[in-house]
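Before any comments, here is the structure.
Values below: every heavy atom of this structure, side chains too, minus hydrogens, waters and symmetry copies. Here is the naming used below: chain letters follow the sequence lines, and residue numbers restart at 1 for every chain.
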There are 2 protein chains.
Amino acid sequence: MQNVDEILKIKNVKNTAIRTIVLRHLLKQDKAQSLKDIENSLIETDRSSIFRTLKTFVENKIIHSIEDGSGMTKYAVCAIDCNCELKDLHYHFYCNNCNKTFCLHEVPFKKIKLPENFKIQEANMVIKGLCNNCNK
Amino acid sequence: MQNVDEILKIKNVKNTAIRTIVLRHLLKQDKAQSLKDIENSLIETDRSSIFRTLKTFVENKIIHSIEDGSGMTKYAVCAIDCNCELKDLHYHFYCNNCNKTFCLHEVPFKKIKLPENFKIQEANMVIKGLCNNCNK
DNA sequence: ATAATCTTTGCAATTGAGTTGCACTATAAA
DNA sequence: TTTATAGTGCAACTCAATTGCAAAGATTAT
Ligand SMILES: [Mn+2]
Ligand SMILES: [Mn+2]
Ligand SMILES: [Zn+2]
Ligand SMILES: [Zn+2]
């Protein structure tokens with residue numbers, strides 16, 4: 001697991017108690033986390049503080065957000081060299097059975113040929129179906 | 001433009017006044033519509049009735065929903081032979097400037113090689129950037 | 001045709017994720 | 001130390017989405 005202080009330093013975000021707790025939590029997860037997920041895990045910590053922490057992290061490319069259609073935005077840690085734009089584009093998988101959302105970092109992202117004059121800046125790619133645990 | 005009654009018949013959804021109005025409206029659009037968009041266009045019609053109409057349409061594969069990260073679910077008419085599962089998978093484009101969301105029906109959907117034992121059922125693919133009108 | 005049943009609609013109220021205002025605290029600069 | 005800046009906790013608010021319920025409409029049985 002990557003070092004929290006190191007990441008904050010690289011991404012130029014000041015180290016505070018809450019930021020350390022939230023980032024450490026996110027790094028431990030095997031699935032993308034909603035604000036509520038984090039709130040439930042870090043019961044001592046205030047929701048709006050977590051919210052603002054996530055906002056700061058997204059703005060500074062420490063994490064990225066995923067709209068998986070569950071009604072709650074999910075968050076996952078970015079690759080260390082990610083600028084959340086054309087680098088580190090990747091698919092996500094939402095399991096219709098266990099409701100977990102994963103980053104599919106290992107699946108190569110295919111370049112999409114857009115219509116004339118369209119310019120890609122970011123993407124929110126969510127494949128839905130059954131994950132390896134649920135597809136039995 | 002396709003015929004409203006025809007579509008409803010094919011998809012086995014009873015024809016009612018509101019359903020006709022909503023579907024006719026959706027067929028006319030060049031961008032995906034939010035509940036609020038529709039509400040604003042069809043001022044006579046009650047929001048919850050439109051909401052339930054959209055729900056019925058999604059359940060019966062007349063339309064599909066798109067999570068584009070704007071905070072409002074968008075809806076667009078399906079291809080007539082769509083089952084909203086592995087057929088008619090397509091990308092969407094969200095313009096960061098004019099905030100319109102389009103179906104990119106003409107862009108071929110590339111088959112994604114998922115990890116072992118993952119099974120795709122549907123997808124919510126949203127590419128974000130500048131549309132041809134705004135990229136100047 | 002009439003009554004019974006099921007479906008759809010309109011309105012008001014509720015839910016819940018997300019967001020903000022504000023006072024207080026902690027940290028950094030002067 | 002004083003002053004300015006940034007971060008936090010709490011409560012309140014926003015707003016898209018959803019629901020309960022009764023009235024209206026459509027369908028089926030008698
Ligand atoms: Mn991801
Ligand atoms: Mn579409
Ligand atoms: Zn699963
Ligand atoms: Zn545009």
Looking only at the side chain of B:Arg47 (C-beta and beyond, no hydrogens), which of the listed nucleotides C:dT19, C:dA13, C:dT9 gets closest? C:dA13
Take B:Arg47 and B:Glu39 through the test salt bridge (charged side-chain N to carboxylate O under 4.0 Å, His left out) and record every step on the way to the result. CA-CA 6 Å; B:Arg47 173 165 25 102; B:Glu39 209 186 328; 3.3 Å; yes
Separation of D:dA16 atom C1' from B:Ile50 atom CD1, nearest Å, is 14 Å
Round to the nearest Å and state the distance from B:Leu54 atom CG to D:dT18 atom P. 11 Å
Would you kindly compare A:Gly71 and B:Glu44 by the position of their nearest DNA chain C nucleotide and give the one closer to the 5′ end? B:Glu44
Keeping B:Asn96 on the side-chain end and B:Leu130 on the backbone end, is there a donor-acceptor pair under 3.5 Å? no
May I ask you to list the residues of residues 94-103 of chain B, by number, that have any heavy atom positioned under 4.0 Å from an atom of DNA chain D? none
Measure CD1/B:Ile18 against P/D:dA23 and give the value in whole Å, please. 18 Å
OP1 or OP2 of D:dT8 sitting under 4.0 Å from any side-chain N/O of A:Thr16? yes
Just checking A:Thr73: base, sugar-phosphate only, or nothing, at a heavy-atom cut-off of under 4.0 Å? sugar-phosphate
Are side-chain N/O atoms of B:Asn99 and B:Tyr94 paired as donor and acceptor at under 3.5 Å? yes
Do the non-hydrogen side-chain atoms of A:Phe93 and A:Asp68 ever get within less than 4.5 Å of each other? no
Enumerate the protein-to-nucleotides 20-30 of chain C contacts in which both atoms are nitrogen or oxygen and the separation is below 3.5 Å.
residue: C:dG21; atom: O6; partner: A:Arg52; partner atom: NH2; Å: 3.1

Scan side-chain atoms only and decide if A:Tyr75 and A:Asp37 contain a donor-acceptor pair under the 3.5 Å cut-off. no
Whole angstrom is fine here: how far is it from CD1 in B:Ile21 over to C1' in C:dG10? 14 Å
Using atom CD of A:Glu67 as one end and atom P of C:dG18 as the other, report the distance to the nearest whole Å. 8 Å
Return the value, rounded to whole Å, for the distance between atom CD of B:Glu39 and atom C1' of C:dC11. 13 Å
Any A:Lys36 side-chain nitrogen or oxygen under 4.0 Å from OP1 or OP2 of C:dA17: yes
Just by distance, with hydrogens left out, do A:Asn15 and A:Asp5 show a side-chain donor and acceptor under 3.5 Å apart? yes
Can you tell if the side chain of A:Ile127 reaches within under 4.5 Å of the side chain of B:Leu114, non-hydrogen atoms only? yes
Look only at the side chain of B:Lys11 and the backbone of B:Lys61, and say whether a donor-acceptor pair between them is shorter than 3.5 Å. yes
To the nearest angstrom, the CE-P distance between B:Met72 and C:dA17 comes to 19 Å
Rounded off to whole Å, could you give me the CG-to-P distance for the B:Asn15 and D:dG25 pair? 16 Å
N/O donor-acceptor pair under 3.5 Å between B:His90 side chain and B:Pro108 backbone: no
